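Everything below concerns the one structure shown next.
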2 protein chains.
Amino acid sequence: MTAADFVLRNAGLLATLAGPAPRTGPAQRDLAIRERGALAARAGRIVWVGPDGDADAALSLEPGATLVDAEGAAVVPGFVDAHTHVCFAGDRDDEIRRRLAGATYREIAESGGGIVRSVDATRAAGVDALADAVAARLDEMLALGTTTAEVKSGYGLSTESELRSLEAIRLAAARHPVTVVPTFLGAHEIPVEHRGDRERYVRILVDEMIPEVARRGLAAFADVFCEQGVFTVEESRRILVAAREHGLSLRIHADELAHTGGAELAAELGAHSADHLVFASPAGLQAMARAGTVATLLPSAAFYLRLPRFAPAREMIETGVPVALASDANPGGGLSPSLPFAMTVGCFAMGLSLEEALCAVTLNGACSLGVQADAGSLEVGKRADLVVLRGPRLLDLVRVGVPAVRTVVKEGRVVVRDGRRAA
Amino acid sequence: MTAADFVLRNAGLLATLAGPAPRTGPAQRDLAIRERGALAARAGRIVWVGPDGDADAALSLEPGATLVDAEGAAVVPGFVDAHTHVCFAGDRDDEIRRRLAGATYREIAESGGGIVRSVDATRAAGVDALADAVAARLDEMLALGTTTAEVKSGYGLSTESELRSLEAIRLAAARHPVTVVPTFLGAHEIPVEHRGDRERYVRILVDEMIPEVARRGLAAFADVFCEQGVFTVEESRRILVAAREHGLSLRIHADELAHTGGAELAAELGAHSADHLVFASPAGLQAMARAGTVATLLPSAAFYLRLPRFAPAREMIETGVPVALASDANPGGGLSPSLPFAMTVGCFAMGLSLEEALCAVTLNGACSLGVQADAGSLEVGKRADLVVLRGPRLLDLVRVGVPAVRTVVKEGRVVVRDGRRAA
């Protein structure tokens, strides 16, 4: 008998996602579904997955064990959000409303809007206020089923403020159930005070910020916004190579607004992930497939920014690139922290199947963050992070507006009950 | 002093929508917002709207009066959903999943899928089972802020089954807080048994169904699916003229998949509304503007059906056509009953401003259904139907996934509290 302090019984459908990680090509449709399944955990890790009818014989429950009855509903792995910008102060709601009413980016920028405003507010915020803001956003994400989330810095853009942002992410993570993967994104934008000498800012990133972030162990990843008007491919390469030399893993904002070669760069450097990829080239995708780089797509971002197209997700899957979907929650129009909504847009605007989209927010999301040994599927040894839906149908995940999530379990503890944070 | 049995206090922002109905052109942006507002009702109707600071002096509360404290949050009129198909039995989720996995409409139809399946299931259902299904769907809608909803028949397609569907809608409405506007849509499709002789089905509609629906008082509106492959403009005209002669008001599914002239027909016949209009012509829109016909757009439908474009909402507003947005909730891919999601797609895919979209799901929705004397705005004499958001920002309505609705009041009673049906 297997000892357990957590048991989930009576899952009408258990989408375990067991098997190869990441999933590529036709395998991305394989959810490794077990009908009428059960799952047990001990000390936060999965110790047993099997038919519900075998659970009594197989398990020895410890005193005080937690029992969750799924009542025939579908159960899926906790969602993994591999791309968020939720470490910021202030908001830019008025700009979003002005944009909807017809104002252009230029008009908004000329009136002091855009990322600059988030940088001003974030630089002015104390570490505790920032940590509170991050934790409040993690709360929203957890209620929507996200149990692992990447959080980027990138609204500090000075050594002191970037370090404070990463410290705030660490503080928020320490007190929050969501497992946080911190990413250093000092290369999010050239700050206003360095626009006359961008080389100077690249040198600060390479010589000062990256070494200090690495020394303090504040980030798992470094990221660069490689795009026309932001960082060139050559600058991005210098920054990322420096980060790699300091032991950071790599991810890249690539080919979001135009093709710049970011996908090729991601493959060349062995990045875990290239993100956005709306305008990635076929050659870039082939290079990513060969390198095993995950395509982390952000359909909600393309939707809310009204981009002229969506990333070519089908072409990626056919090319053998593993596709993950993330929320891109951010203050400038990344309005939805919901991975079910990312799935919805992934399905109905990008042409993913429901199965591919679910894999993209679980197992392939975990691979994007390099945490597939701990998260992304329901297999023995991984964290007991899972979502119980309100009914037996996975399709409910894309019924926008109708809450699909009933219970969220994080490391064997019920953290969301009936759609609300458990006490 | 004004006697009241319901008072809403401390609205940070009260979007009253007071003023002209419908709103057209630039006026569609005018929400008639009152900051720090309050509202009182008696016997289900609004009796007073004013500054929160004046409420104590102006109002005399009856014993046992209901008091709602908005705690500074935004308050908007209850949403009016002017286009739903929620009277059906069975579901077609497997088809939707097959479509996402690449199956074509033809493949699905050839394997017995499509509307035919909903007709088979609906014909087989008893009136009580159908009424239960309608009521369960109204529950979902109410929790999302919808307090008035049109519900169509149209999955019966025989005199007996269409009458039973309308009877089920009446039964559901009688026991549910949502105000239901019933629409006869016998002309939803040519049923399989009449495909060899469509003229025969048109005669049944005109000579048998419409007179009987009118005689029994089962519908306020008649509707026709005027589209290539369904009903021609000439057939639609005959059906709608007959309905008008029997005292029914008119609405039309027009120009959804191609331009057929449905918008022009709606204007010609003085229909309250033409719906979908993805491919409406400029001439059709001009005719609608002259006739005062409301354009009821269904952005969620275009999204979920992956149509090649969205209705030209901006052109409509510029032409002087009042724009409403509705959910098109239905079994064949109308997956979201959420009017906040219709607003979201209306804003970010159709280019409406947040204000225009909010008017489109409240006042202009009411005009689409001809119920603007009772619903759609917070003005003295109308029903006390309103939605209290979770915070002060209207933008929260388009943050998909994050529940925006805290409290729903229907005719002066709290029917949804903290996002859940009140006991």
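Quick caveat, the model's predicted, so the values are computed rather than measured. Computation of the quantities below employed the complete heavy-atom set of this structure, encompassing side-chain atoms and omitting hydrogens, waters and symmetry-equivalent molecules.
- Using a 4.5 Å cut-off between heavy atoms, A:S300 does not touch chain B at all.
- Contact detail for B:M350 and A:R306: the closest heavy-atom pair is C-NH2, 3.9 Å.
- Remark: A:E318 CD is packed, more than 12 non-hydrogen atoms of other residues, nucleotides or ligands lying under 6.0 Å away.
- Ranked by heavy-atom pairs under 4.5 Å with chain A, the first of B:D93, B:L144, B:V402 is B:D93.
- Heavy atoms closer than 4.5 Å to chain A are found in both the backbone and the side chain of B:V345.
- Proximity to chain B (any heavy atom under 4.5 Å) is shown, for A:D396, by neither the backbone nor the side chain.
- Atom CZ of B:R417 has 12 or fewer neighbouring heavy atoms from other residues, nucleotides or ligands inside a 6.0 Å radius.
- Taking the side chain as every heavy atom from C-beta outward, A:L100 and B:E356 never approach each other to under 4.5 Å.
- The minimum heavy-atom distance between B:A101 and A:S353, with the atom names listed, is CA-CB, 4.0 Å.
- Aromatic ring pairs are classed by plane angle as parallel below 30°, tilted from 30° to 60° and perpendicular above 60°; the pair B:F303 and A:F303 is perpendicular.
- When heavy atoms are compared at a cutoff of 4.5 Å, B:L352 approaches chain A solely by way of its backbone atoms N, CA, C and O.
- Inter-residue side-chain proximity for A:L395 and B:L335 is flagged as met; some heavy-atom pair is nearer than 4.5 Å.
- For chain A, the nearby parts of B:R399 are the backbone and the side chain; heavy atoms of each come within less than 4.5 Å.
- The most heavy-atom pairs under 4.5 Å with chain A, out of B:R314, B:R29, B:R99, B:E140, come from B:E140.
- Shown here for A:G401 and B:S338, the closest heavy-atom pair between the two residues is CA-CB, 4.0 Å.
- Between B:P337 and A:V400, the shortest heavy-atom distance links the atoms CD-O, 4.4 Å.
- A:R97 has its side chain out of reach of B:R393: every pair of non-hydrogen atoms, C-beta onward, lies at least 4.5 Å apart.
- Around CD of A:E107, the count of heavy atoms belonging to other residues, nucleotides or ligands within 6.0 Å exceeds 12.
- Minimum interatomic distance between B:I96 and A:F348 (heavy atoms only, all atoms of both residues): CG2-CZ, 4.4 Å.
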